[in-house]
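Input: a single structure, listed below in structure tokens.
What you are looking at is a predicted structure, and each value in this text was computed from that prediction instead of being measured.
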Amino acid sequence: MGTVLGAMRNVRWHELQHAYGSASQVPGVLSRIAWGDAPTSDEALSDLERWIGTPPVFDSTAATVPFLWELAATDTVRDRAGVLDLLATILAAGNAEHPAWTRAAHDAVAAGRATAARLAAAPEAPDVPGAPEAPGAPDTPGAQAVRAAAVRTAAARLLAAIDRHQYLACPACPAPPPRET
């Protein structure tokens with residue numbers, strides 16, 4: 001298996017757009033989410049949500065979603081629940097002027113359904129006697145358990161949203177092309 005986010009170099013980010021212009025900064029933001037400390041990771045996740053997911057989606061959104069799934073599935077990412085929430089935001093968002101972007105973004109989110117199911121079904125971390133409950137301290141067993149529970153909850157919400165999402169009923173999704181017979 002490759003390095004986390006290793007395939008980012010295969011995307012022509014400079015040719016894609018987000019809410020504020022060129023998506024050439026997206027790889028750096030994804031890297032900050034993956035490896036940044038708490039403030040850096042939080043700021044990067046917030047930036048990415050504003051750029052690609054709220055409220056309309058952009059051509060860079062569909063290109064970013066596979067990397068968000070990769071981050072959500074990587075245990076060392078600090079705010080995996082936040083990444084899953086961003087995926088849910090993308091699934092609920094659309095762009096009436098560019099329905100193909102909407103469909104591509106929604107398809108990319110739905111393609112990660114198996115990952116959401118696995119994360120939602122992850123076993124609870126065992127209780128550690130005497131472990132302090134310190135959600136802000138990243139290496140304490142109590143904080144790890146709180147984050148694991150948040151990931152399970154966010155994954156379950158996203159899984160339900162994926163399962164409820166019906167392209168024909170989605171006002172943001174164009175109708176699929178007719179099937180040839």
Side-chain angles (χ1 to χ4, degrees), residues 1-120 138 147 150-151 153-159 161-162 165 167 170-174:
M1 188 155 109
T3 315
V4 172
L5 303 178
M8 279 194 310
R9 68 182 167 273
N10 299 327
V11 177
R12 300 178 129 194
W13 296 103
H14 64 283
E15 295 177 5
L16 303 174
Q17 296 291 309
H18 61 58
Y20 300 100
S22 171
S24 60
Q25 314 92 330
V26 169
V29 172
L30 289 167
S31 295
R32 291 190 350 246
I33 294 168
W35 297 292
D37 60 10
T40 301
S41 176
D42 290 346
E43 179 184 1
L45 192 56
S46 177
D47 286 347
L48 196 59
E49 183 172 2
R50 280 193 325 274
W51 291 355
I52 68 163
T54 308
V57 297
F58 297 87
D59 58 351
S60 63
T61 305
T64 304
V65 168
F67 302 108
L68 293 174
W69 278 118
E70 189 175 350
L71 293 173
T74 302
D75 290 336
T76 56
V77 171
R78 186 192 159 284
D79 190 4
R80 294 166 53 202
V83 171
L84 291 164
D85 289 341
L86 177 53
L87 287 164
T89 297
I90 292 167
L91 186 63
N95 189 324
E97 294 179 21
H98 298 282
W101 295 353
T102 299
R103 179 167 287 283
H106 290 194
D107 286 347
V109 173
R113 186 191 184 286
T115 300
R118 181 178 56 78
L119 293 172
R147 282 195 311 273
V151 168
T153 300
R157 278 193 313 261
L158 178 54
L159 183 60
I162 291 170
H165 190 81
Y167 291 103
C170 177
C173 289

Please work out whether the ring planes of His106 and His165 are parallel, tilted or perpendicular, with thresholds of 30° and 60°. perpendicular

Under a 4.5 Å cut-off applied to non-hydrogen side-chain atoms, are His98 and Val57 in contact? no

Evaluate the criterion side-chain contact (heavy atoms from CB on, under 4.5 Å) for residue pair Thr115 and Glu70; output intermediate values, then yes/no. CA-CA 9 Å; Thr115 300; Glu70 189 175 350; over 6 Å; no

Rounded at 0.5 Å granularity, tell me how far CG in Leu84 sits from OG1 in Thr153. 10.5 Å

Go through the steps for Leu30 and Leu68 under the test side-chain contact (heavy atoms from CB on, under 4.5 Å), then give the verdict. CA-CA 8 Å; Leu30 289 167; Leu68 293 174; 4.0 Å; yes

Please name all residues satisfying ring-ring contact (aromatic ring centres under 6.0 Å, His included) with Trp69, sequence neighbours left out, ordered by chain then number. none

Taking all non-hydrogen atoms of both residues, which atom of Leu16 and which atom of Ala63 are closest, and how far apart? CD1-CB, 3.7 Å

CA sep, side-chain torsions, deciding dist, call: Val26, Phe67, side-chain contact (heavy atoms from CB on, under 4.5 Å): CA-CA 10 Å; Val26 169; Phe67 302 108; over 6 Å; no

In Å and rounded to the nearest 0.5 Å, what is the CZ to CG distance from Arg32 to Asp42? 11.0 Å

Could you tell me the separation between the OG1 atom of Thr61 and the CD1 atom of Ile90, rounded to the nearest 0.5 Å? 6.0 Å

Between Val65 and Ala105, what is the shortest heavy-atom contact and its length? CG2-O, 4.4 Å

For Ala72 and Leu119, which heavy atoms make the closest approach, and how far apart are they? O-CD1, 3.6 Å

Trace of the side-chain contact (heavy atoms from CB on, under 4.5 Å) decision for Leu158 with Val109: CA-CA 9 Å; Leu158 178 54; Val109 173; 4.2 Å; yes

Between OG of Ser22 and CD of Gln17, what distance do you get to the nearest 0.5 Å? 6.0 Å

Nearest heavy-atom contact between Phe58 and Trp101 is CA-CE3, 3.5 Å

CG of Leu91 to CG of Leu86: how many Å apart, nearest 0.5 Å? 11.5 Å

To the nearest 0.5 angstrom, please state how far the CG atom of Leu48 sits from the CD atom of Glu43. 12.0 Å

Looking only at heavy atoms, what is the nearest atom pair of Pro27 and Ala23, with distance? CD-O, 3.8 Å

